[in-house]
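The next block holds one structure in the form of structure tokens; read it before the comments.
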Amino acid sequence: MKFCVLFWLIAVNILSISGLNQKYSFKRFIEIELWRKPELSELYPVLSSIEISCRDINKLMRRVSTDNLCGLEGNSINIQGEDQQKLDIISNRVMKTSLCCSKSISVVVSEEEEKPCLCSDVIDNIAFSKGEFAAVFDPIDGSSNIDSGLPTGTIFGIYRKQNYNIDDPLSSVLQKGKNLVVAGYCIYAATSHIVLTMGDGVHMFTLDDYTNKYYLTKSNIQIPKSGPIYSFNDVNKKQWLDIGIEYYLNDLKKGNYGFDTKPQQRYMGALVADTHNIIFNGGIFGYPSSISRPSGKLRLLYEANPISMIVEQAGGLAIDGKKRILEKKVEEIHERTPLFIGSKQQITSLKNYIQFFDYK
Ligand code: AHM
Ligand code: MG
């Protein structure tokens, strides 16, 4: 009898996860997933803290104009020389405090922090130095969209620490993207979603404004094998170092694109929003290297790697023009990389153009 009840509970949970029950909460989902993956069970408070942070940042984003959260934080600039907006700073604090409070994370790397932060310093208590995991994140991706109310996001990734030495926290985070155990993003747009992978498929959760919780609304998302969207800031094309990219886009615009629908250019200026579009509609996003930015603009550790894990888990490809992003060695926490993500057909085709013009 006990066995039957247990079997029934498991069956109901599995059916729910497969999307039959639209009111499957994020919390319930991770409970079941972590029960399936006991080696990651310590991530329960971490994932819960990500849900809370995304909900809180979404709320702040919606109050930017009414609560005077627009604009820059004085003359503050980050380590990369970029102006910091008020919300960059607040969201960074929200993310690092809540991740560290989970106790399973002991070091965090953020776009807005010069160096990796030890959780024992963030919380000011040595008890917070014991977590087995490290978190990397960009608290607000697409900061220039904040004031105008256009889509923005938060990108996050979790690594199991390697070779950890408290005097050298860098050694535990400088890992290839293929070592990520969790990756995802939150998008703050007309609706707010969390898109998450724990290494076996990509799932999307949508915020219900009434209950203030995220619910599973799409599971096992697959990027179409090819699709119409192309997202490049091609005002920079005369500066691009790989000439093959311009030829590829010219041919795409002329109609040599190998799929049925007309190509559509869409560019939001927020990687999360452009990725979200590609994931649902198929196509290609690219931020190439250029004369003024020889390594591209996007950061490998906390932007390109988590996004690439999501894209690959959804059946797409993510490369730097030549090789797989997730295989790239990470030398510095803020290092940049050219990034091309999207449908298999488009990324393979772009790679061929880059190679062909490279050898010419
Ligand atoms: P940010 O993290 O400072 O907001 O910068 C990253 C953003 C990406 O989201 C986006 O793809 C890119 O910068 C847009 O850059 P550009 O305005 O040069 O096209
Ligand atoms: Mg950012």
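For this chain, numbers begin at 1 and follow the sequence in order. All ligand and atom numbering here is 1-based and tracks the order in the structure. Only this structure's heavy atoms are used, side chains among them; waters, hydrogens and symmetry mates stay out.
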Aromatic ring proximity, centroids under 6.0 angstrom, Phe29 and Phe205:
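Ring centres of Phe29 and Phe205 closer than 6.0 Å.
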Distance under 6.0 Å and angle within 45° of the ring axis: does Lys237 meet both against Phe232?
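Judged by the rule (NZ or CZ under 6.0 Å from the ring centre, within 45° of its axis), Lys237 is not positioned above Phe232.
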Between Phe357 and Tyr247, what is the ring plane arrangement, given parallel below 30°, perpendicular above 60°, and tilted in between?
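Because their plane-to-plane angle is under 30°, the rings of Phe357 and Tyr247 count as parallel.
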Quick test of your reading of the model: are Lys253 and Asp234 salt-bridged, counting only N-O distances below 4.0 Å?
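Here Lys253 pairs with Asp234 in a salt bridge, since their nearest N and O are under 4.0 Å apart.
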Would you kindly specify which portion of [X] sits under 4.0 Å from ligand 1, judged on non-hydrogen atoms: side chain, backbone, both or neither?
| X | result |
| --- | --- |
| Asp138 | side chain |
| Leu271 | both |
| Arg299 | side chain |
| Val272 | neither |

For ligand 1, which is the ligand I care about here, please tell me if [X] has any N or O atom under 3.5 Å from one of the ligand's N or O atoms.
| X | answer |
| --- | --- |
| Leu298 | no |
| Asp274 | no |
| Asn236 | no |

Ser192 vs Tyr214, test: side chain to side chain donor-acceptor pair (under 3.5 Å). Steps then yes/no.
CA-CA 9 Å; Ser192 175; Tyr214 286 86; 2.8 Å; yes
Asn236/Ser290 under side chain to side chain donor-acceptor pair (under 3.5 Å): CA gap, chis, key distance, verdict:
CA-CA 8 Å; Asn236 299 326; Ser290 63; over 6 Å; no
Heavy-atom proximity to atom 18 (O) of ligand 1, best of Phe232, Phe285, Tyr287
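Closest candidate by heavy-atom distance is Tyr287.
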Ligand 1 atoms in contact with [X] (distance to a heavy atom under 4.0 Å):
| X | answer |
| --- | --- |
| Gly269 | 9 (O), 10 (C) |
| Asn233 | 16 (P), 18 (O), 19 (O) |
| Glu111 | 2 (O), 3 (O) |
| Ser143 | 4 (O) |

Is it possible for you to say whether Val94 and Phe26 belong to one hydrophobic cluster, with membership spreading through side-chain heavy-atom contacts below 4.5 Å?
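Val94 and Phe26: one cluster.
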Do Met204 and Ile221 have side chains that get closer than 4.5 Å, going by heavy atoms?
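Of all side-chain heavy-atom pairs linking Ile221 with Met204, at least one is under 4.5 Å.
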